[in-house]
Amino acid sequence: MQKAKTLGELKKSSYKSVSVRDEMRANLLRKLAAGEALFPGIIGFDDSVIPQIANAILSRHNFILLGLRGQAKSRILRSLVTLLDESVPFIAGCEINDDPLNPICRACHERLAEMSDDTPIDYLHPEDRYVEKLATPDVTIADIIGDLDPIKAARGGHALSSELTIHYGLLPRANRGIFAINELPDLAGKIQVGLFNIMQEGDVQIKGYPIRLPLDVELVFTANPEDYTARGKIITPLKDRIGSEIRTHYPNCIEHAMAITAQEAWTNRNGRTKVLIPEFLKEVVESIAFEARQEKRVDKRSGVSQRVPITCLENVISSAEYRAVKNHEDKAVPRPSDIYTAMPSLTGKVELEYEGEMRGADQVARDIIRQATARVFKKYFDGVPLQSIVQWFEMGGTLKYPPNASAGEIYGHFKKIQGLLDQTQHLGIKAKDDPGLLASGGEFILEGLAALKRISRSEELGYHLERQRAESPTEEPTSPATAQRRRSLN
Ligand SMILES: [Zn+2]
């Protein structure tokens with residue numbers, strides 16, 4: 001069907017005015033009936049957050065998502081545009097997207113009086129109908145609602161009090177669409193009052209001039225739960241007008257978390273070096289977030305964002321890429337030690353409690369990586385006899401190699417430790433696999449044993465055992481000076 005180009009044609013078509021909330025509701029019902037996924041790409045919220053959002057939309061509510069950072073709140077709000085029609089008509093040139101059959105701005109009223117059915121019609125697409133604003137203390141009424149524009153007044157020869165002199169803010173520009181405000185509690189009280197007035201009555205005052213704008217907007221918000229519930233941060237009448245409060249959460253299980261990280265992290269590198277990421281390593285990276293969220297030295301109120309494992313995995317891959325290119329290897333296989341190289345992706349994103357601050361961000365990050373390693377190690381090696389490996393160190397074996405040692409070099413070292421490479425089969429690695437994978441798996445076993453304190457590891461000595469017997473060094477001949485130092489560590 002040809003789209004109407006003028007008001008006259010539109011009136012002859014089947015078009016009816018529908019409010020944005022009725023439109024979202026109708027599309028949601030249609031998707032539900034058709035068994036379509038509601039918010040594709042939002043993982044782990046199928047049984048919690050998504051049904052509640054669906055409820056809020058079916059109830060035609062404004063709503064707020066309460067959650068800590070990195071819980072996909074903004075992403076969910078942006079995906080609401082999938083509930084909007086493909087195109088809706090508006091009066092061409094209107095600054096606030098007026099419905100041709102029901103215009104609210106003064107300019108459109110005047111235009112309609114002049115042009116009647118010849119008034120031109122244009123169309124809005126879903127992405128044009130989503131407006132987002134991060135609330136900060138310096139956001140003004142002018143930003144959100146609007147301001148009188150003296151230049152507009154002078155040019156048009158209008159009185160300043162005329163509606164034609166308004167420079168519209170973000171909210172009127174979101175008319176017939178969705179307006180999202182992130183971190184609502186950071187919005188100044190008087191702007192909250194302005195928002196409330198417009199939600200309640202469609203009335204606004206701009207510089208003392210009362211103006212009526214019965215806007216058609218779905219308002220959605222996000223906030224940190226503690227800020228939102230703190231007394232005095234949100235004016236009560238505004239809270240009262242937010243129909244539904246929906247709590248978001250971090251992924252409940254490691255499988256969901258890994259699926260999110262796989263979706264978001266940049267893992268398919270465009271270099272000539274092929275990247276092979278062992279599954280157990282992805283699990284360690286993901287477990288870092290789970291461990292950090294439980295860690296008492298990490299501030300619970302600010303949370304540990306899902307961006308922690310995402311950026312950590314990206315850094316881990318880069319570290320492996322760097323090493324592979326330097327060593328002229330054709331495959332980049334991340335190893336557990338790359339996670340320590342990736343620490344800059346962790347330390348900046350985690351807020352520490354006082355005790356953590358005292359310990360230092362670096363040390364806390366190291367402890368968390370060690371706990372994550374132990375968690376994954378126990379999953380794969382519960383009940384697996386690793387005594388021959390520990391024994392090698394008990395016999396005085398020590399193993400130290402440079403961080404950028406090639407896979408071949410490490411493979412050579414690991415071969416000397418009885419059972420080490422064989423046990424990588426528990427990680428799904430086969431003897432014929434890429435040496436990089438075997439090196440990574442072998443290092444993971446050593447890291448796991450060190451995390452469980454069955455062997456030791458230090459920057460200075462590499463892998464070793466502190467309770468050392470006097471006889472039979474195997475790997476590196478121990479000098480009397482090193483032996484002396486090691487004894488003093490006991
Ligand atoms: Zn208009």
Side-chain angles (χ1 to χ4, degrees), residues 3-24 62 81 84-133 141-181 194-195 197-219:
K3 275 183 177 171
K5 291 196 176 70
T6 62
L7 179 60
E9 286 172 30
L10 188 72
K11 281 178 179 165
K12 285 189 207 122
S13 75
S14 59
Y15 174 73
K16 283 191 191 65
S17 299
V18 177
S19 75
V20 63
R21 284 186 208 162
D22 279 319
E23 176 188 335
M24 291 171 77
N62 297 310
V81 297
L84 297 174
D85 288 346
E86 261 173 51
S87 76
V88 292
F90 75 110
I91 296 179
C94 175
E95 287 179 85
I96 60 168
N97 309 325
D98 264 332
D99 178 2
L101 302 186
N102 189 21
I104 58 172
C105 89
R106 179 74 172 270
C108 285
H109 278 293
E110 294 192 355
R111 201 129 158 245
L112 241 63
E114 195 185 309
M115 300 182 74
S116 184
D117 280 359
D118 293 332
T119 307
I121 301 298
D122 209 343
Y123 291 84
L124 293 165
H125 301 288
E127 59 276 17
D128 308 324
R129 300 171 66 195
Y130 180 80
V131 177
E132 188 181 76
K133 179 74 189 162
I141 289 268
D143 297 330
I144 300 287
I145 294 166
D147 204 354
L148 296 179
D149 183 346
I151 298 171
K152 228 173 169 179
R155 245 189 238 142
H158 309 293
L160 258 187
S161 59
S162 160
E163 267 180 63
L164 291 169
T165 68
I166 298 176
H167 175 81
Y168 291 107
L170 290 169
L171 177 60
R173 285 173 195 277
N175 189 31
R176 300 181 70 215
I178 300 163
F179 186 44
I181 299 182
L195 265 183
N197 284 340
I198 217 155
M199 286 158 88
Q200 176 73 15
E201 309 285 352
D203 285 333
V204 276
Q205 289 216 347
I206 296 177
K207 299 251 166 85
Y209 296 108
I211 286 159
R212 197 164 152 68
L213 276 181
L215 297 172
D216 172 25
V217 182
E218 166 71 359
L219 281 158

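Order of listing sets the numbers, starting from 1, for every ligand and every atom in it.
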message: With a 4.0 Å cut-off on N to O distance, would you call Lys133 and Asp143 a salt bridge?
response: no

query: Is there a donor-acceptor pair closer than 3.5 Å between any side-chain N or O of Asn97 and the backbone N or O of Arg173?
result: yes

- prompt: Closer than 2.8 Å to the Zn ion (ligand 1), do we get an N, O or S atom from His109, backbone or side chain?
  reply: no

- prompt: Under the 3.5 angstrom rule, does the side chain of Arg21 hit a backbone N or O of Val217 as a donor-acceptor pair?
  reply: yes

message: Any N/O/S atom, side chain or main chain, of Asp98 closer to the Zn ion (ligand 1) than 2.8 Å?
response: yes

field: N/O donor-acceptor pair under 3.5 Å between Asn175 side chain and Pro172 backbone
entry: no

field: Angle, SG of Cys108 through the Zn ion (ligand 1) to SG of Cys105 - 10° precision
entry: 110°

